[in-house]
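See below for the structure under consideration.
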Number of protein chains: 2
Amino acid sequence: MNRQLTLTKCLNVKWEGHADCQHCAIRKNDIFANLDVAKYAALLRPILQYNFPAKALLYAQGTPATDVYVIRNGIVKLEETLSDGSVRIVRLLQSGDAVGIETVLDAHQSYDQTAVILRGAAVCKIPSSVFVKLEKENPEFHRVIMEEWHRQLNAADKVIVDFSTGTVHDRVARVLINLAENSKKRNLIEIEMLGVEDIAALTSIARESISRVMANFKRDGLLEKSGPNRMRYNWDGLNDLVKHS
Amino acid sequence: MNRQLTLTKCLNVKWEGHADCQHCAIRKNDIFANLDVAKYAALLRPILQYNFPAKALLYAQGTPATDVYVIRNGIVKLEETLSDGSVRIVRLLQSGDAVGIETVLDAHQSYDQTAVILRGAAVCKIPSSVFVKLEKENPEFHRVIMEEWHRQLNAADKVIVDFSTGTVHDRVARVLINLAENSKKRNLIEIEMLGVEDIAALTSIARESISRVMANFKRDGLLEKSGPNRMRYNWDGLNDLVKHS
DNA sequence: CGAATCTTTGAATCCTCTCAAGTCTTGTGG
DNA sequence: CCACAAGACTTGAGAGGATTCAAAGATTCG
């Protein structure tokens with residue numbers, strides 16, 4: 001919770017005004033793909049665009065669920081705080097995903113998890129009412145929403161199968177590879193790295209163990225620091241690692 | 001995969017004929033709650049009812065997704081097989097849940113996981129076409145389906161937060177408590193136990209370690225064998241265990 | 001009743017965590 | 001712009017926990 005930024009407090013959050021869905025380049029990948037935005041222009045007006053810095057808090061677990069956020073770019077983590085105070089990330093959401101999708105459920109007034117920006121992200125903030133209206137008026141739309149639920153399930157399953165299973169070594173390798181896949185630029189092997197703390201929360205591994213494993217990867221020539229928070233990958237090498245395990 | 005039973009092969013599977021949705025007692029808890037079944041009687045005709053024994057295979061990961069199964073009672077596990085041959089359970093589904101819900105997605109022709117009956121279960125088998133038609137004709141219904149997606153997400157999150165985090169001791173305790181919660185009879189503290197293998201796949205713990213932990217619980221008077229595959233709980237004792245951790 | 005499967009237990013090893021100290025970064029204020 | 005403080009990351013050593021391998025008990029099912 002330290003140094004997280006709320007929407008209203010943080011000066012670094014850039015409010016970019018009403019979203020221009022008609023000309024949004026990201027839209028072809030997100031939940032509004034295939035939506036006739038011209039037709040729904042009036043309805044879409046309340047949608048606002050923001051630029052959040054890393055560590056910004058979108059919403060906290062248990063608070064009233066009022067908006068759905070669509071990620072234009074960047075990565076958002078959904079996390080839960082355990083009874084002992086430690087934090088567990090239950091999934092990573094990326095470009096095109098809808099953060100806080102539980103908002104659309106009738107009997108659901110509060111967010112299931114805490115949503116925090118991982119890498120600086122541009123998001124559209126959609127009031128619950130708009131979302132629900134869209135869904136009721138447009139049969140195509142709720143089909144898209146179901147696909148979003150499915151993507152979220154896949155993201156959760158990935159945390160279970162890839163990030164929470166096997167040795168510390170394997171799990172960290174899978175996280176690294178997944179980060180590279182997320183960036184969708186296979187050949188650009190330079191990646192903006194997650195903090196050790198976040199990898200820990202994603203894998204349920206001690207911070208120190210992660211540090212050690214990554215030090216090994218560096219020694220083996222699989223990783224290389226290429227700037228602040230940036231790593232250069234040996235993509236094939238890392239991939240071999242997971243394949244053989 | 002050993003000793004699993006397919007729908008067609010197994011003699012123990014009781015085909016109970018067409019589902020009688022109009023008089024189904026379970027319906028008030030499942031996805032057909034609030035559905036005017038009389039109105040859709042014709043559409044619901046193709047739905048079949050089965051009684052599966054434990055270990056029966058509903059469907060395998062990657063095979064064509066043709067049906068959605070609704071659990072009338074019992075528990076179903078969704079599992080994925082890892083590259084090294086080991087198996088990981090990604091969630092447990094129970095009474096009222098829809099198994100294989102990804103079938104409703106347009107661009108989805110195959111099941112995401114393998115679905116296996118854990119405890120003997122009664123299920124209704126709903127052809128994809130029926131499910132999709134219902135969803136298109138009845139606006140109420142797709143709302144219910146969204147709630148089902150949500151339940152599945154919660155089930156996956158539980159595997160992450162409760163069953164894959166903390167010490168072996170804690171994780172097993174949480175599984176035991178969860179099994180008791182599932183049965184919804186708090187005072188009846190006698191539970192049908194999962195096999196060690198399944199708890200292992202659910203928690204990513206070695207079979208032997210689980211055996212050891214449960215032996216400790218028995219020594220501490222928290223558990224007690226009360227029949228084949230059955231355990232009597234010390235509910236409060238087990239609960240204290242998780243609270244304090 | 002016997003074979004196959006599943007579970008339990010033991011002992012040794014290996015892995016991961018914890019605690020602690022030191023290094024490196026980052027951001028802030030002089 | 002530099003210095004300092006706070007935070008983040010790294011590294012080491014030791015303890016403790018979990019896994020592995022192996023073998024003996026239980027159960028289940030034919």
Check: Does OP1 or OP2 of D:dA18 have a side-chain N or O of B:S209 closer than 4.0 Å?
Finding: no

Ranking B:R212 and B:E197 by the position along DNA chain C of their nearest nucleotide, the one closer to 5' is B:E197

Tell me what A:K225 touches on the nucleic acid: a base, only sugar-phosphate, or nothing, going by heavy atoms under 4.0 Å. nothing

Between CD1 of A:I205 and C1' of D:dA18 the distance, given in whole Å, is 14 Å

Ring-plane angle category for A:Y59 and A:Y111, please: parallel below 30°, perpendicular beyond 60°, tilted otherwise.
parallel

Winner on side-chain proximity to B:P228, out of D:dT19, C:dT16, D:dT28, is D:dT28

Next item on the list: Identify whether the distance between the nearest side-chain nitrogen and carboxylate oxygen of B:D198 and B:K77 falls below 4.0 Å.
Entry: yes

From CE of B:M193 across to P of D:dT27 the rounded distance in Å is 15 Å

Here the distance between atom C1' of C:dT7 and atom CG of B:N229, to the nearest Å, is 11 Å

Quick note, B:K55 side chain, CB onward, closest among C:dT8, C:dC6, D:dT28 is C:dC6

When all nucleic acid strands are considered with a 4.0 Å heavy-atom cut-off, which category describes B:R207: base, sugar-phosphate, or nothing? nothing

Between CG of A:N216 and P of C:dC15 the distance, given in whole Å, is 12 Å

Sorted by position of nearest nucleotide on DNA chain C, 5' first, the leading residue of A:G166 and B:E208 is B:E208

Any donor-acceptor pair under 3.5 Å linking the side chain of A:R171 with the backbone of A:T203? yes

Here the distance between atom C1' of D:dA18 and atom CG of B:D170, to the nearest Å, is 14 Å

Atom CE of B:M214 and atom C1' of C:dC6 are separated, to the nearest Å, by 13 Å

Quiz item: Are a donor atom and an acceptor atom from the side chains of A:E79 and A:Q113 found within less than 3.5 Å of each other?
Solution: no

Between CZ of B:R171 and C1' of D:dG17 the distance, given in whole Å, is 11 Å

Side-chain contact check for A:S211: nearest option of D:dT10, C:dT7, C:dC17 is D:dT10

*Using 4.0 Å as the upper bound for N to carboxylate O, is an ion pair formed by A:R230 and A:E190?*
yes

In whole angstroms, the gap separating P of C:dT7 from CG of B:L194 amounts to 10 Å

